Amino acid sequence: MECNSQKTTTEAIHEFMDLTGCKQVFLYGGSAIDRYLDPKAEIMDYDIAIRDTKSYIEVLDKLKQLGFDVGDTRKTHNFATVAKHKDYGIFDISCMNIEDNGIYNLEKFYIEFSADYPYGKVVDAYNTVNSLKEGKIEIANNPDKEKAYDLLRRFSVLAGKYGFCTERNGKNEETMAIIERRLKETPVGPQNKKDRIRCLSRFLGAAFRRQNQARYLARMGETGLFAYGFPAINDVMQNDKFLMSIKQDPAKDKRELIERMLSFTTNRDEFIDEIQILKERDKDREDPKVLQRVNEFDDEKTSINRLTKHIVNPLFLYIQTKGRK
């Protein structure tokens with residue numbers, strides 16, 4: 001697939017609009033701010049927002065006709081899908097009001113492309129450019145209206161990508177304290193499983209892409225934020241032997257990172273329970289090798305602890321319930 005970084009932002013967006021006939025798009029995310037700060041910055045994909053549903057559907061239909069591999073549309077806080085083509089690159093396409101995008105100040109930057117602004121109109125209402133220079137991550141929305149694991153997911157990815165301070169009592173302590181409060185208020189359960197799946201998947205992806213994986217993992221482990229939803233994984237990130245292993249030989253992909261964590265965990269059963277939620281990750285959003293590996297855990301010999309937790313205890317509870325009835 002052609003590297004997106006071989007084209008300028010304007011070239012790529014004009015090409016997208018010409019192909020689809022779309023008259024107005026909003027470029028946001030890393031492809032907007034990173035290229036704004038450094039026109040030669042390498043990017044994986046273009047995050048594009050389309051305001052109205054009719055145009056969004058028309059764009060996807062046109063891309064399918066042109067031979068793009070277009071994923072199924074997902075509904076979260078908006079409609080979104082991914083479109084890929086070996087010649088044109090990758091586009092992460094959403095249908096939303098761009099003003100509603102993001103949680104943090106660093107996510108609010110966007111560029112409008114339209115007939116009125118053919119070369120792009122930059123909108124930086126939350127001072128994103130200066131915040132990046134200062135290394136300051138702030139929650140731009142009301143945190144009590146945001147999901148706890150969305151706060152954690154986006155924070156961990158942004159902190160890793162831009163190398164911001166995650167030390168407790170450091171310059172981003174206020175933001176981390178808010179995330180921690182929201183995590184404490186959010187018991188782990190089926191009601192937030194999808195949020196935890198996205199959080200874990202994006203975090204592991206961010207970790208193996210870091211130039212200094214060991215440093216990033218150690219710092220995130222020290223925050224203690226992942227201990228709320230993923231205590232076994234958080235424990236591994238505080239394991240000196242694991243960190244030394246990653247420092248000496250960084251993981252080449254997400255699957256290798258999981259394997260390395262697994263080899264150093266002190267609680268294999270709990271680690272597998274936590275990592276296996278990735279089985280339910282959208283297939284077009286997850287590394288196929290990761291999905292294959294987490295599914296293989298189903299065939300692993302069951303330990304006494306896992307047997308008791310997943311079979312004996314539920315069976316005993318069922319028998320008790322039937323008995324009472």
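Remember, predicted model here, so these are calculated numbers, not experimental data.
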Would [X] end up clustered with [Y] when hydrophobic side chains under 4.5 Å apart are linked, directly or stepwise?
| X | Y | value |
| --- | --- | --- |
| Leu106 | Val123 | no |
| Leu225 | Val188 | yes |
| Leu278 | Phe271 | yes |
| Ile13 | Val122 | yes |
| Tyr110 | Met17 | no |

Measuring from atom [atom1] of [X] to atom [atom2] of [Y], what distance do you get when rounded to the nearest 0.5 angstrom?
| X | Y | atom1 | atom2 | result |
| --- | --- | --- | --- | --- |
| Glu112 | Leu27 | CD | CG | 11.5 Å |
| Lys136 | Asn105 | NZ | CG | 9.5 Å |
| Leu152 | Met176 | CG | CE | 11.5 Å |
| Asp92 | Met44 | CG | CE | 10.0 Å |
| Phe91 | Leu60 | CZ | CG | 12.5 Å |
| Ile233 | Met261 | CD1 | CE | 6.5 Å |

Of the non-hydrogen atoms in [X] and [Y], which two are nearest, and what is the gap between them?
| X | Y | value |
| --- | --- | --- |
| Ile139 | Asn141 | CG2-O, 3.2 Å |
| Met220 | Ser156 | CE-CB, 3.8 Å |
| Ile50 | Tyr56 | CG2-N, 3.8 Å |
| Ala148 | Arg182 | CB-O, 3.5 Å |
| Phe242 | Val236 | CD2-O, 3.2 Å |
| Phe164 | Gly135 | CE2-CA, 3.3 Å |

Within a reach of under 6.0 Å around [atom1] of [X], are more than 12 heavy atoms found that belong to other residues, nucleotides or ligands?
| X | atom1 | value |
| --- | --- | --- |
| Lys75 | NZ | yes |
| Glu174 | CD | no |
| Glu185 | CD | yes |
| Glu15 | CD | yes |
| Phe264 | CZ | yes |
| Arg215 | CZ | no |
| Lys279 | NZ | yes |

Check: Which residue, Arg153, Arg196, Lys254, Arg285, forms the side chain to side chain donor-acceptor pair (under 3.5 Å) with Ser201?
Finding: Lys254

I'd like to know if the side chain of [X] and the backbone of [Y] have a donor-acceptor N/O pair within less than 3.5 Å.
| X | Y | value |
| --- | --- | --- |
| Lys108 | Asn101 | yes |
| Glu11 | Lys7 | no |
| Thr73 | Thr81 | no |
| Asp235 | Thr266 | no |
| Ser94 | Met96 | no |

Next item on the list: Give the intermediate values and the outcome of side chain to side chain contact (heavy atoms under 4.5 Å, CB included) for residues Arg51 and Asn97.
Entry: CA-CA 5 Å; Arg51 192 183 294 276; Asn97 181 345; 3.5 Å; yes

Next item on the list: Using a strict cut-off of less than 4.0 Å between a Lys/Arg side-chain nitrogen and an Asp/Glu carboxylate oxygen, indicate whether Glu58 and Lys54 qualify as a salt bridge.
Entry: yes

Notebook entry, point to check: Do the charged groups of Glu180 and Arg168 touch, with an N to O distance under 4.0 Å?
Noted result: yes

Side chains of [X] and [Y]: do they bring a donor and an acceptor to under 3.5 Å?
| X | Y | result |
| --- | --- | --- |
| Glu107 | Tyr126 | no |
| Asp116 | Gln24 | no |
| Tyr104 | Ser131 | no |
| Asn172 | Thr175 | no |

Is the shortest side-chain heavy-atom distance between [X] and [Y] below 4.5 Å?
| X | Y | value |
| --- | --- | --- |
| Ile272 | Thr265 | no |
| Ile275 | Leu200 | yes |
| Asp34 | Tyr162 | yes |
| Ile277 | Phe230 | yes |
| Asp144 | Arg181 | yes |
| Tyr149 | Arg198 | no |
| Asp249 | Arg260 | yes |
| Asp240 | Met244 | no |

Margin query: Assess the residue pair Phe155 and Ile103 against the criterion (side chain to side chain contact (heavy atoms under 4.5 Å, CB included)); give the C-alpha distance rounded to whole Å, side-chain angles, the decisive distance to 0.1 Å, and a yes or no.
Written below: CA-CA 9 Å; Phe155 174 83; Ile103 295 174; over 6 Å; no

Margin query: Centroid separation under 6.0 Å, is that true for the rings of Tyr46 and Phe16?
Written below: no

Next item on the list: Go through the steps for Ile178 and Glu146 under the test side chain to side chain contact (heavy atoms under 4.5 Å, CB included), then give the verdict.
Entry: CA-CA 11 Å; Ile178 293 172; Glu146 299 292 342; over 6 Å; no

Check: Parallel, tilted or perpendicular for Phe68 and Tyr88, by the 30°/60° rule?
Finding: parallel

Margin query: Would Arg219 and Glu222 count as a salt bridge (Lys or Arg N to Asp or Glu O under 4.0 Å) here? Give the steps.
Written below: CA-CA 5 Å; Arg219 287 185 168 182; Glu222 288 168 0; over 6 Å; no

Next item on the list: Show your reasoning for whether side chain to side chain contact (heavy atoms under 4.5 Å, CB included) applies to Leu217 and Leu257.
Entry: CA-CA 11 Å; Leu217 289 164; Leu257 179 59; 4.0 Å; yes

